[in-house]
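Beneath this line is the structure, given in structure tokens, with notes to follow.
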Amino acid sequence: MTVSQCTRLPHPSLQLGQPTPSHSHAITMDIPAQLTTSPSQIDATYDRIQARFASHATLSLDYRLYNLKQLAYLIQDNEPAIVEAIRQDLGKAPFVAAMEDLFIILNEIDLAVRRLSKWMKDEGRWWDATFAYKSMKPRVTKQPKGVALIISPWNYPWQCALAPLVGAIAAGCPAIIKPSDLAPASSALVAALLPRYLDPEAYAIVLGGIKESAHLLEKHWGHIMFTGSTRVGRIVATAAAKTLTPTTLELGGKSPVIVSSCANVKIAAIRMLSMKSPCSGQTCVAPDYILCARDRVDDLIREFRSAASTRWPPSPSSQSFLHNHMYGSLRGFPEYERLSSLLAEAENEGQMVIRGESDPITKRMGISVVLLPHASKVPRIKVVEEEIFGPIIPIIPVEDVDEAIRYVNSRPKPLALYVCATKQKVFKKIKEETISGSIILNDFVVHVPSRSLPFGGVGESGWGSYHGYDGFRTFTHFKSTLEVPLWMEPIMHTRYPPVTPFKQRIIRLLFSSGVAFRRPTSVENERFRRRSGRVFRAVILGAAVLLGVWYGV
């Protein structure tokens with residue numbers, strides 16, 4: 001099956017409301033080989049999809065719902081083939097592949113299908129408008145930004161390609177997806193499946209590597225979403241700047257863990273190891289390093305050893321990292337060598353706490369934990385300076401939470417920040433005094449599947465966000481709308497020359513809110529006024545309730 005055939009297979013039903021029964025879509029063929037899309041094919045696909053957007057066919061609620069539901073059935077009908085493709089690419093077991101890649105997509109579709117009609121509605125902005133604007137029907141109209149480009153990575157080849165697509169479809173944006181050539185089975189399969197379910201005039205796959213991505217980035221887009229490394233993110237941002245294209249960059253970086261003196265280190269250790277294990281730690285939000293209060297370092301190491309020996313016993317146990325397909329393999333032998341080098345350098349500078357098993361033939365590595373010197377003396381080695389993106393966890397002792405906060409703030413803003421503490425005041429302090437894409441208390445990575453929260457970074461860990469309504473917002477332009485009635489001409493007449501002093505007073509009255517509050521005296525006084533206001537309102541409410549009870553209301 002050629003790429004051109006993949007992108008032009010007949011759509012099962014372009015008659016909305018008359019879909020072909022889902023069982024007829026199921027793919028039983030072997031997973032096709034990945035073939036590179038030629039520049040001429042890319043140009044033709046781009047022109048075709050731009051024409052589809054120009055026709056306004058993608059704007060209606062019915063069209064969006066149809067393609068969202070078809071996307072869900074693409075996954076349901078072909079889950080065996082999809083998880084087999086993921087197994088070939090990453091060595092994951094079927095359930096793990098479904099849990100890590102497919103559940104999120106289906107959850108996103110479910111929410112979009114149920115909420116889309118509400119999301120699409122105009123938003124009235126009457127309440128906050130100044131007096132003159134209240135008669136002009138101030139509101140926000142939502143419209144798609146245009147054809148979207150989605151560039152996805154290899155480590156979660158379905159989730160990172162199709163979860164953003166849910167937001168694009170919901171927003172009414174056609175899209176071209178450029179999956180990673182480092183996940184060839186998944187890329188080829190999604191290229192074969194997508195045009196069988198979605199409108200092939202509006203949604204397409206481009207296969208290939210760096211050259212194909214560069215060719216796509218030369219074109220004008222409504223929005224670009226990229227998931228990948230910070231290094232490549234800079235390239236995407238530079239290319240997008242040339243065409244002034246808005247972007248969402250979901251990048252990596254180092255996601256730290258702060259373990260405070262009050263932490264439950266037993267729970268912290270088991271939860272951390274369990275969320276560092278998926279995809280062999282090749283996850284952008286996996287815990288990257290630990291800043292642990294000095295008085296809890298020994299306790300944390302003890303719990304790491306206990307959890308590792310009981311939950312992940314070494315070979316020949318079937319639960320070993322070398323045999324259990326719940327954890328997958330490294331991307332390739334170069335990645336195995338890179339991580340081995342990082343580990344050797346870290347061991348030379350610190351103390352090996354847990355040495356994970358490794359097998360270069362299967363490209364598998366167990367989790368290794370290294371204790372490094374105190375944060376004030378930590379060496380500038382790669383495991384400290386670079387994103388690890390693998391099953392290695394350095395522990396860096398700190399004196400207290402304040403030193404941990406200073407350490408985090410002296411480095412690029414993380415995609416995720418994890419806090420292990422039993423006191424809410426510790427979590428509140430870290431939340432308020434650090435900047436990160438997300439912050440999670442007493443667990444790790446669990447924020448990613450949450451469809452009700454935006455997922456995204458800040459600074460060097462990226463910008464923009466998606467998931468749920470935030471995915472819809474990412475691909476949607478919020479257009480300001482005013483309707484100025486003709487009956488307001490007597491008011492508008494005041495702006496016509498000559499603008500006399502009397503007209504100026506009328507304009508100021510109608511268009512300026514002025515300063516409706518007293519001059520502030522101090523921050524403390526503002527706090528007192530706010531609190532006393534709450535007390536006053538509570539007293540009035542209580543008095544009203546008592547009067548109601550007294551008079552039997």
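The shown structure was predicted, so the numbers you read here are calculated from the model rather than taken from an experiment.
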Quiz item: Is the count of non-hydrogen atoms from other residues, nucleotides or ligands lying under 6.0 Å from R527 atom CZ greater than 12?
Solution: yes
Quiz prompt | Distance in Å, L372 CG paired with E347 CD, rounded so as to fall on 0.5 Å steps | solution = 11.0 Å
Quiz item: Is the F321 ring parallel, tilted or perpendicular to the W312 ring (thresholds 30°, 60°)?
Solution: parallel
Quiz item: For R311, does the CZ atom have more than 12 heavy-atom neighbours from other residues, nucleotides or ligands under 6.0 Å away?
Solution: no
Quiz item: Once you round to the nearest 0.5 Å, how far does CG of L162 lie from CG of L194?
Solution: 7.0 Å
Exercise. State, with a plain yes or no, whether a side-chain heavy atom of I396 is found less than 4.5 Å away from one of I290.
Key: no
Quiz prompt | Side-chain touch I393/Y289, heavy atoms, less than 4.5 angstrom | solution = no
Quiz item: Can you tell me how far CG of L415 sits from NZ of K254, rounded to the nearest 0.5 angstrom?
Solution: 13.5 Å
Quiz item: Which atom pair, heavy atoms only, marks the closest approach of P454 to S465?
Solution: CB-OG, 3.5 Å
Self-check item: Exercise: do Y469 and S452 side chains pair donor with acceptor under 3.5 Å
Solution: no
Exercise. Return the minimal non-hydrogen interatomic distance between K178 and S213, and the atom names on each side.
Key: CE-OG, 3.4 Å
Self-check item: Side-chain H-bond candidate by donor/acceptor type, N78 with Y197, under 3.5 Å
Solution: yes
Quiz prompt | SB check R296 D299 (cutoff 4.0 Å) | solution = yes
Quiz prompt | W119-T476 side chain donor-acceptor pair, cut-off 3.5 Å | solution = no
Quiz item: Quick one: salt bridge (Lys or Arg N to Asp or Glu O under 4.0 Å) pairs with a partner in residues 447-462, sequence neighbours left out?
Solution: D110-R451, R234-E460
Quiz item: Is F472 close to K142 at the side-chain level, that is, under 4.5 Å between some pair of heavy atoms?
Solution: yes
Quiz item: Under 4.0 Å between a Lys/Arg side-chain N and an Asp/Glu carboxylate O for R406 and E403?
Solution: no
Practice problem: Grab the two heavy atoms, one from R64 and one from A170, that are nearest each other, plus how far apart they are. | Solution: NH1-O, 2.8 Å
Quiz item: Does the pair R338/E335 count as a salt bridge with the N-to-O cut at 4.0 Å?
Solution: yes
Quiz item: Around E385, counting heavy atoms of other residues, nucleotides and ligands shown, do more than 12 lie under 6.0 Å from its CD?
Solution: yes
Practice problem: Examine the side chains of D295 and S261 and answer whether a donor and an acceptor come within less than 3.5 Å of each other. | Solution: yes
Quiz item: Between atom CD1 of I224 and atom CG of L249, what is the distance when rounded to the nearest 0.5 Å?
Solution: 9.0 Å
Exercise. Report yes or no: does S450 contribute a side-chain atom to a donor-acceptor pair with the main-chain N or O of H447 at less than 3.5 Å?
Key: no
Quiz item: What pair of heavy atoms forms the shortest contact from I177 to P179, and how long is it?
Solution: O-CD, 3.3 Å
Quiz item: Do D359 and Y336 get their side chains close enough for a donor-acceptor pair, meaning under 3.5 Å?
Solution: no
Quiz prompt | Any side-chain donor near an acceptor of the partner, H323 and S317, under 3.5 Å | solution = no
Exercise. Determine whether more than 12 heavy atoms belonging to other residues, nucleotides or ligands lie under 6.0 Å from atom CZ of R231.
Key: no
Quiz item: Is there a donor in the side chain of N155 and an acceptor in the side chain of Q282, or the other way round, less than 3.5 Å apart?
Solution: no
Quiz item: What pair of heavy atoms forms the shortest contact from F444 to P287, and how long is it?
Solution: CD2-CG, 3.8 Å
Quiz item: Take atom CZ in F528; do more than 12 heavy atoms of anything else shown fall under 6.0 Å from it?
Solution: no
Practice problem: Assign the ring pair H223 / F475 to parallel, tilted or perpendicular, where the plane angle (0 to 90°) is split at 30° and 60°. | Solution: perpendicular
Quiz item: Considering only heavy atoms from C-beta outward, does the side chain of L198 approach that of I169 to under 4.5 Å?
Solution: yes
Quiz item: Just how far is it from atom NZ of K363 to atom OG of S280, taken to the nearest 0.5 Å?
Solution: 10.5 Å
Quiz item: Can you find a side-chain donor-acceptor pair between D89 and S186 that sits under 3.5 Å?
Solution: yes
Quiz item: Judged by modelled atom types alone, do S315 and E357 share a side-chain donor-acceptor pair under 3.5 Å?
Solution: no
Exercise. Answer yes when K266 and E303 have at least one side-chain N-carboxylate O distance shorter than 4.0 Å, and no when they do not.
Key: no
